[in-house]
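Just so it is clear: chains get the letters A, B, ... in the order the sequence lines come, proteins before strands, and each one is counted from 1. Note that the coordinates shown come from a computational prediction; the quantities given were computed from them, not determined experimentally.
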Number of protein chains: 2
Amino acid sequence: MSQSKRAELIRKALLLFYRNGFHATGMDLVAKETGVSKTSIYKHFRTKDELILAVLRLRDEEFRNWLFRRMEELADTPQGQLLAMFDALEEWFLEDGFKGCMFIKASAEFQNPDDAINAQAYAHKRMLVDHFENLATHAGAENPHALARQFLLLKEGAIVIAAMSHSESAAREAKSVASLLVASGLVGTQRTA
Amino acid sequence: MSQSKRAELIRKALLLFYRNGFHATGMDLVAKETGVSKTSIYKHFRTKDELILAVLRLRDEEFRNWLFRRMEELADTPQGQLLAMFDALEEWFLEDGFKGCMFIKASAEFQNPDDAINAQAYAHKRMLVDHFENLATHAGAENPHALARQFLLLKEGAIVIAAMSHSESAAREAKSVASLLVASGLVGTQRTA
DNA sequence: GATTATATTGACCGATCAGTCAATGTGAAG
DNA sequence: CTTCACATTGACTGATCGGTCAATATAATC
């Protein structure tokens with residue numbers, strides 16, 4: 001199987017898992033929708049869980065690239081970019097196929113802490129908070145780590161509520177809280193945009 | 001089937017669904033664990049989805065009773081009770097069997113907006129925000145509805161992160177943000193505990 | 001063009017899925 | 001004690017689950 005074929009398989013599997021859920025999506029459906037026989041799939045992924053892990057790796061890469069790039073496009077300063085995250089989220093919530101966060105859902109369906117899927121889902125969140133902390137540091141926050149964790153809190157809350165309510169308004173609500181946090185946590189430092 | 005037997009069945013099914021997930025829990029397992037034959041279960045619940053709906057009704061009632069009572073026990077004033085929610089959440093996160101929010105997980109596994117399970121899961125969150133808004137009003141908040149939505153945001157974010165990270169620290173982080181919100185949104189009104 | 005190594009396949013495995021049915025057990029009314 | 005309405009059961013359905021295997025197609029090597 002060529003590398004491009006393999007990538008396409010993972011991308012199509014991602015859509016199926018994202019739309020229908022992990023347990024609810026059978027490997028027969030994956031085979032049918034990708035046009036690759038089940039035997040071939042199992043030649044490249046030893047188990048369904050391994051395919052899911054590959055899907056999560058792709059999602060992690062794509063989502064990170066998209067979010068961080070969008071934050072940079074929307075603002076010039078570190079603190080502006082932190083706040084712009086919620087504008088980016090709002091755009092995401094408004095997309096047609098939006099169905100919540102794939103990692104939250106993966107963690108919800110594979111709850112065992114020893115499960116590799118569970119661990120990988122949380123690793124995505126740790127990667128996010130690291131990025132936030134980096135930005136917060138450059139923004140001159142009093143406590144960059146604490147601020148980053150609070151931003152993650154707001155982001156996850158907004159995603160969950162947006163997915164459950166089928167509305168994008170949580171993004172703006174989260175941003176208003178985030179603005180307050182930034183204003184509070186950067187007191188005494190430069191606050192210019 | 002007596003009312004108590006039925007209630008016990010739902011309670012045991014709740015534990016199974018909460019621990020293993022909805023799709024991952026088969027009706028044969030429910031029958032085995034409850035000691036009630038599958039035929040009998042289907043005499044009282046026409047489909048698995050109806051059993052899940054009954055489970056969610058029980059969870060809604062139990063969680064609401066527990067949370068609201070705990071908030072009242074931990075504080076005397078409306079605004080104190082709002083902040084005490086996060087102390088109650090921390091207690092929950094530290095419980096042995098904590099596995100996240102059942103409604104978030106239900107919404108994640110049944111994503112179709114037309115699905116009754118999806119709708120009922122969101123109804124639970126609307127019930128919560130109504131209660132928060134009521135407390136915020138009595139606390140003299142400038143914009144009770146906005147404050148209630150922000151509290152929901154923090155609560156859902158804290159639950160998701162606590163479940164994914166297998167740690168209770170998100171509760172304190174959310175409370176610190178909530179304190180800032182209360183201090184900010186109640187400016188000009190009484191702020192005594 | 002023959003040989004060989006590798007991809008790919010449809011058919012199949014036992015287990016489990018949600019849900020059903022004929023048969024049996026049970027308790028109250030007569 | 002009999003009857004009758006109803007609750008409960010184990011065994012079963014066709015479909016689907018994750019995963020496998022012998023056979024075939026394909027492509028590279030000589």
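One atom, NE2 of A:H23, and another, C1' of C:dA18, lie 16 Å apart when rounded to the nearest Å. For B:F22 and C:dT16, the CZ to P distance is 22 Å, given to the nearest whole Å. Note: CG (B:D49) to C1' (C:dA18) measures 10 Å, nearest angstrom. With rounding to whole Å, A:M27 atom CE is found 17 Å from C:dA15 atom C1'. Taking atom CD on B:E50 and atom P on C:dA18, their separation rounds to 15 Å, with Å as the unit. Distance CG (A:D28) to P (C:dC12): 15 Å, rounded to an integer number of Å. Atom CG of A:L29 and atom P of C:dC17 are 19 Å apart (whole Å). Counting to the nearest Å, the C1' atom of C:dC17 and the CD1 atom of B:I41 are 14 Å from each other.
For A:R11, the salt bridge (Lys or Arg N to Asp or Glu O under 4.0 Å) test picks out no residue, with sequence neighbours left out. Taking A:F17 as the reference, A:F22 meet the ring-ring contact (aromatic ring centres under 6.0 Å, His included) condition, with sequence neighbours excluded.
Using a 4.5 Å cut-off on side-chain heavy atoms (C-beta onward), B:K125 and B:E156 make contact. Counting heavy atoms from C-beta outward, A:F132 and A:K155 have side chains that approach closer than 4.5 Å.
Taking side-chain N and O atoms only, A:H44 has a distance below 4.0 Å to OP1 or OP2 of C:dT8. Contact between the side-chain N/O atoms of A:S37 and the OP1/OP2 oxygens of C:dT8 is not found at any separation under 4.0 Å.
Formation of a donor-acceptor pair under 3.5 Å by the B:Y18 side chain with backbone atoms of B:K99 is found in this model.
Of all heavy-atom pairs between B:S176 and A:Q150, the closest is OG-NE2, 3.0 Å.
Closest contact between the side chain of A:V36 and the listed nucleotides C:dT9, D:dT9, D:dC17 involves C:dT9.
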Footprint string (nucleotides 20-25 of chain D, 5' to 3'): B base within contact, S backbone only, - free, heavy atoms under 4.0 Å: BB----
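Aromatic pair A:F86/A:F93: ring centres not closer than 6.0 Å.
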